[in-house]
K.L.:
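Have a look at the structure that comes next, please.
In this text the structure is predicted, and so the values were computed from the model without any measurement.
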Amino acid sequence: MENMLKQDDTPASTTISFLNCIDLSTPDVQQSVSLLKQACLDCGFFYVTNHGIRQEFMEEVFSQSKKFFELPLSEKMKVLRNEKHRGYTPVLDELLDPDNQIHVGDYKEGYYIGVEVPEDDPEADKPFYGPNVWPADGILPGWRQTMEKFHQQALGVARAVARIIALALDLEADFFDKPEMLEHPIAVMRLLHYAGQISDPSKGLYGAGAHSDYGLITLLATDDVYGLQICKDKDAQPQVWEFVAPLKGAFVVNLGDMLERWSNCIFKSTLHRVLGNGQERYSIAYFVEPSHECLVECLPTCKSEKNPPKFPPIKCEAYLSQRYKDTHADLNVYNKHQS
């Protein structure tokens with residue numbers, strides 16, 4: 001059947017997308033810019049290798065993630081996500097593609113971790129900021145420290161990628177390093193677990209429904225189980241979906257809707273989804289957005305008299321808040337678990 005996976009996890013009767021690979025350790029910056037620009041014009045997805053995070057540490061993060069998701073549901077519900085989008089998100093909590101996911105949401109569970117801001121800090125009042133929610137140390141010793149370390153290191157990778165993106169858009173390399181952008185970002189890490197349901201697009205059943213990401217860029221670390229698909233042309237009928245192969249030690253990077261707005265649609269924010277094949281799958285998504293106050297408006301290098309701005313300027317905070325509200329369940333539905 002088209003777009004399904006065989007039980008041995010080898011894609012069957014479908015296309016695998018071959019993505020450009022950006023080596024962050026290469027001294028040839030121009031080559032990186034060229035490869036990235038080609039990827040951003042084509043499909044908005046690419047691999048990043050030699051990013052500086054040790055493979056042994058990546059494996060430890062995945063191991064710790066698995067330990068959390070193996071906890072009883074009653075234990076996981078003690079750290080249910082709050083209004084700041086920190087903590088545990090149960091299966092079916094998120095509905096990314098309401099047009100096709102007619103009956104249920106995504107068959108995945110997750111855990112949000114953001115920038116740690118103490119409760120008494122004035123910045124903690126802002127959406128997506130504040131203290132994180134953590135499992136008790138007695139339940140998962142060292143778990144918080146591992147996740148905080150990964151969050152910090154992944155932000156370094158994101159900043160390095162953003163510098164190449166800036167050059168590809170004919171901007172100064174440090175364009176996204178400004179205080180209102182990635183010096184004080186909204187950087188949200190999400191541990192993800194797909195328990196092994198078999199997806200069936202004809203019935204609206206997905207690991208994650210078709211969507212584009214909201215922010216600047218997303219870094220995705222995955223295990224070796226296939227599942228991620230991309231659709232390069234969302235307007236095509238029928239849509240054509242291609243698998244993205246897992247690449248050990250690499251991040252899969254994709255552009256978000258904010259960057260598409262910034263670039264006046266020169267760079268693409270591409271539809272993607274996850275299909276389950278009956279195997280468990282783990283991944284870690286790291287969503288990178290600018291600061292709350294950042295005004296996302298057409299870049300000077302991306303507009304002209306013949307190509308005026310396609311979108312009005314919008315503040316990052318307002319845009320993100322609405323997108324999260326549109327795709328997540330109302331927290332009141334979980335009240336029965338809190339008694």
K.L.:
Check for a donor-acceptor pair, side chain of Thr222 on one end and backbone N or O of Pro246 on the other, with a separation under 3.5 Å.
P.N.:
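No, the answer is negative, given that no donor and acceptor are paired below the 3.5 Å cut-off.
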K.L.:
Going through the distances and angles, do Asn277 and Val225 end up as a side chain to side chain contact (heavy atoms under 4.5 Å, CB included)?
P.N.:
CA-CA 9 Å; Asn277 71 328; Val225 177; 4.3 Å; yes
K.L.:
Please list, chain by chain and in numerical order, all residues satisfying side-chain contact (heavy atoms from CB on, under 4.5 Å) with Lys248, sequence neighbours excluded.
P.N.:
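With neighbours one apart ignored, the set is Gln55, Glu59.
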K.L.:
Please identify each residue that fulfils ring-ring contact (aromatic ring centres under 6.0 Å, His included) with His51, with sequence neighbours left out.
P.N.:
Phe251
K.L.:
What orientation do Phe69 and Tyr282 show, parallel under 30°, tilted 30 to 60°, or perpendicular over 60°?
P.N.:
tilted
K.L.:
Which residues pass the side-chain contact (heavy atoms from CB on, under 4.5 Å) test with Asp257, not counting sequence neighbours?
P.N.:
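Once residues adjacent in sequence are excluded, the partners of Asp257 under the side-chain contact (heavy atoms from CB on, under 4.5 Å) criterion are Ser212, Ser269, Tyr319, Arg323.
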K.L.:
What pairs with Thr218 under side chain to side chain donor-acceptor pair (under 3.5 Å), at least two apart in sequence or on another chain?
P.N.:
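Applying side chain to side chain donor-acceptor pair (under 3.5 Å) to Thr218 gives Asp213.
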K.L.:
Which heavy atom in Cys316 sits nearest to a heavy atom in Ile186, and how many Å separate them?
P.N.:
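Nearest heavy atoms, Cys316 then Ile186: SG-CD1, 4.1 Å.
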K.L.:
Please, which pairs that meet salt bridge (Lys or Arg N to Asp or Glu O under 4.0 Å) have at least one residue in residues 39-50, sequence neighbours excluded?
P.N.:
Asp42-Lys232
K.L.:
With sequence neighbours left out, what residues match Ala195 under side-chain contact (heavy atoms from CB on, under 4.5 Å)?
P.N.:
His193, Gln197
K.L.:
Apply side-chain contact (heavy atoms from CB on, under 4.5 Å) to Pro135 and list each qualifying residue two or more places apart in sequence or on a separate chain.
P.N.:
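Residues passing side-chain contact (heavy atoms from CB on, under 4.5 Å) with Pro135: Phe68, Tyr111, Leu140, Trp143.
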K.L.:
Under the side-chain hydrogen bond (donor to acceptor under 3.5 Å, both in side chains) definition, can you give me all pairs with a residue in residues 124-135, not counting sequence neighbours?
P.N.:
Arg86-Asn132, Glu116-Asn132, Glu123-Lys126
K.L.:
Identify, with sequence neighbours excluded, every residue that meets ring-ring contact (aromatic ring centres under 6.0 Å, His included) alongside Phe176.
P.N.:
Trp262
K.L.:
What salt bridge (Lys or Arg N to Asp or Glu O under 4.0 Å) pairs are there with at least one residue in residues 17-41, not counting sequence neighbours?
P.N.:
none
K.L.:
Run the numbers on Gln152 and Glu148 for side chain to side chain donor-acceptor pair (under 3.5 Å), then give the verdict.
P.N.:
CA-CA 6 Å; Gln152 183 180 25; Glu148 287 183 326; over 6 Å; no
K.L.:
Kindly write out the residues that satisfy ring-ring contact (aromatic ring centres under 6.0 Å, His included) with Phe267, not counting sequence neighbours, or none if the list is empty.
P.N.:
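In terms of ring-ring contact (aromatic ring centres under 6.0 Å, His included), with neighbours along the sequence ignored, Phe267 is linked to no residue.
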K.L.:
Which residue pairs satisfy the salt bridge (Lys or Arg N to Asp or Glu O under 4.0 Å) criterion with at least one member in residues 170-184, sequence neighbours excluded?
P.N.:
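Counting only pairs at least two positions apart or across chains, the salt bridge (Lys or Arg N to Asp or Glu O under 4.0 Å) contacts touching residues 170-184 are Arg163-Asp177.
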